[in-house]
Amino acid sequence: MMRISQALEIASLTDPGRLRKRNEDYVAERSESGLVLLADGMGGYNAGDVASGMATDLVADGLDQDWQQARLDRMDQVQAQALAADLIRQHVARANSAVHQAAQHTPEYSGMGTTLVVGLFFDNLLTVGHVGDSRLYRLRGDALDQLTRDHSLLQEQIDQGVISKEEARLSHNKNLVTRALGVDPAVEAEVHSHVVVPGDVYLLCSDGLNDMVDDEEIRLTLLTLKSNVQLAAQHLVQAANDSGGRDNVSVVLVKVLNDFQVTRSWLVKLKLWLKR
Amino acid sequence: MAKLILSVDGQVLNEFPLDKERVTIGRKSDNDIPVDNLAVSGKHAVIITILNDSFMEDLGSTNGTLVNGASVKRHFLQDGDVVEIGKHKLKYVNETPSSTTAEEFEKTMVLRRPSDLAPQVSAVDRVASETQVGARSTVTSRTAVGSNVRAPNGGAAPAVAVAPSVGMVQVLNGQNAGKTLELTKSLTTLGKPGVQVAVITKRPNGYFITHVEGASFPVVNGASVGAQAAALRENDVIEIAGVKMEFFFKT
């Protein structure tokens with residue numbers, strides 16, 4: 001089996017932007033597990049970075065550890081996918097409890113929370129979980145698609161037809177999320193799986209990118225610079241700062257170089273088939 | 001908080017804060033903004049406010065509603081818009097408190113309903129029920145957590161440099177010698193994929209060239225620029241994958 005770290009090229013970058021003194025965004029990668037993560041902290045008395053930092057470490061380390069032990073070669077793709085989704089939900093729930101408890105016990109942390117988007121690449125699939133308005137995009141061929149749906153007031157308004165997508169750009173309610181990690185005693189990550197094709201480029205980003213740079217500009221940057229993902233990451237952050245850089249801006253780029261299907265022996269395949 | 005300033009013939013009559021979700025405008029006295037004039041319908045229009053955004057909707061009035069001179073049924077109000085009903089004008093003002101610092105702008109806040117505090121309600125159920133309710137109940141049943149929910153726009157407009165004139169490159173050698181290319185896109189790649197590629201970036205403060213791929217770096221005026229971005233100036237000669245080009249600004 002091809003190792004996942006050899007099938008993916010990952011580049012990440014986080015920047016405070018041009019107006020904020022603090023950077024409350026965190027990014028993480030665990031390339032041996034095919035794991036990438038991004039969190040955008042908020043609230044508390046300047047404790048947003050505590051929430052995003054805690055959530056990043058807890059989810060990235062916990063998921064990485066469990067995933068290293070998973071024997072994907074002994075299960076079929078459907079089972080692997082269910083396990084990935086399950087583990088993402090578990091670790092997000094666990095991190096939520098930890099951040100929420102810290103917020104309850106330390107007055108300066110009161111009200112802190114964070115968005116989170118985490119992706120796990122395995123067996124030619126990507127399972128992604130998210131909470132809040134940090135996004136996952138995919139560039140496939142010439143087309144850029146947003147694969148996550150923001151948990152935000154604005155997205156709900158768009159869904160209800162109260163406001164059009166064009167009007168949404170003028171809204172003053174951009175910064176209101178309807179789901180966040182650490183704010184309530186319990187939260188559930190929204191989890192979906194997608195088929196991955198070599199040549200795809202995936203982008204995790206905080207709203208500091210997509211509020212400042214429109215989707216067409218993001219598409220053009222990824223399409224033009226995908227041969228050098230580190231440079232593409234730098235250009236995205238630079239474009240956000242050139243447009244005002246009003247918020248922290250973070251990106252994680254993942255380019256899929258090769259197929260990374262799990263190799264399963266005939267014996268395992270037969271056993272799996274008999275169990276059905 | 002946003003407000004409407006009612007005037008007729010340039011004379012200001014009154015100011016109305018948009019302090020509730022629906023503010024009605026019409027001839028009848030039970031409207032929030034009564035406008036006693038025969039050109040105004042009994043129930044003429046309504047302003048719907050959702051946190052920091054306000055929308056004007058004409059309620060099927062006889063004589064219609066204009067916003068900034070154009071007849072509209074529904075309009076997303078922006079600061080400074082003028083709504084006209086008959087001879088009366090309503091100016092929409094949505095100012096951000098001047099004491100707000102840039103640091104406080106656009107801080108992400110969490111919105112939740114009181115029932116969110118009950119942990120037994122799963123997030124999925126909650127979202128499903130939220131999408132069923134209309135815009136009115138969505139807003140009235142929520143409370144904003146935190147104290148600094150503010151209109152994000154207004155004070156701290158970023159200082160963006162005046163856009164420079166459009167840059168161009170002209171090929172100096174090879175079979176494409178003489179050909180020109182306007183650098184209108186924010187990113188333009190030059191070179192041969194797999195061999196050597198560089199990108200010219202159009203930014204508010206000018207044009208820059210950066211190495212993208214290949215073993216050798218772009219050369220500007222005979223010197224390699226390395227892996228870093230380099231600013232381009234009038235008449236710079238760029239060399240990528242054996243092709244020489246001159247950079248200049250369109251006149």
Side-chain angles (χ1 to χ4, degrees), chain A residues 18-22 24 40-43 48 111 113 115 131-133 151-153 156-157 159-164 167 170-180 183-190 207 211 217 220-221 223-225 227-228 231-232 234-235 238-239 242-247, chain B residues 48 50-53 55 76 78 94 102-103 105-112 116-117 119-124 126-127 130-131 133-135 138-139 142 144-146 149-154 156-160 185-189 193-194 197 199 201 203-205 210-213 227 229:
Chain A
R18 285 176 39 175
L19 294 184
R20 302 253 166 104
K21 291 181 200 84
R22 302 170 69 93
E24 300 188 325
D40 177 357
M42 65 185 87
T115 71
V131 176
D133 64 354
H151 300 135
S152 69
L153 174 70
E156 285 186 8
Q157 288 181 310
D159 293 346
Q160 290 165 0
V162 177
I163 186 167
S164 71
E167 288 174 336
L170 299 171
S171 175
H172 292 171
N173 294 332
K174 274 181 189 162
N175 51 338
L176 297 163
V177 298
T178 49
R179 219 193 277 194
V183 175
D184 287 324
V187 77
E188 188 162 347
E190 183 177 337
D207 62 344
D211 277 352
E217 193 66 31
L220 183 67
T221 306
L223 189 62
T224 310
L225 300 178
S227 62
N228 184 339
L231 186 66
Q234 285 166 13
H235 267 81
Q238 181 181 287
D242 279 353
S243 311
R246 287 205 294 271
D247 198 354
Chain B
I48 296 167
I50 300 171
L51 296 171
N52 304 309
D53 290 339
F55 302 82
F76 182 11
Q78 299 297 312
N94 186 0
E103 181 72 9
F105 279 115
E106 290 182 3
K107 283 216 165 160
T108 305
M109 307 297 301
V110 184
L111 272 180
R112 24 177 211 183
D116 284 11
L117 298 169
Q120 69 272 19
V121 182
S122 91
V124 172
R126 211 156 66 217
V127 167
E130 275 172 7
T131 49
V133 295
T138 306
V139 171
R142 286 175 189 286
V145 179
V149 179
R150 290 204 174 91
N153 294 342
V160 174
K185 290 193 290 182
S186 58
L187 296 165
T188 306
T189 50
V197 177
V199 63
T201 323
R203 298 183 57 195
N205 50 343
T210 316
H211 173 73
V212 179
E213 61 168 292

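The chains referred to below are lettered A, B, ... by the order of the sequence lines, with proteins before strands, and numbering in each begins at 1.
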* **Pair D53(B)-S171(A), side-chain donor/acceptor within less than 3.5 Å** => yes
* Is it the side chain or the backbone of V212(B) that comes within 4.5 Å of chain A heavy atoms, both, or neither? -> both
* Asked: Which region of L220(A), side chain (C-beta onward) or backbone (N, CA, C, O), has a non-hydrogen atom less than 4.5 Å from a non-hydrogen atom of chain B, or is it both or neither?
  -> both
* K174(A) side, atom NZ; S152(A) side, atom OG - distance, nearest 0.5 Å -> 11.0 Å
* Heavy-atom distances under 4.5 Å only: say whether E217(A) touches chain B with side chain, backbone, both or neither. => side chain
* **CG-OG distance between D211(A) and S243(A), expressed to the nearest 0.5 angstrom** => 11.0 Å
* Given the options M42(A), E167(A), E24(A), E190(A), which has more heavy-atom pairs under 4.5 Å with chain B than any of the others? -> E167(A)
* Looking at CG of D133(A) and CG of N175(A), how far apart are the two atoms once the value is rounded to the nearest 0.5 Å? -> 9.0 Å
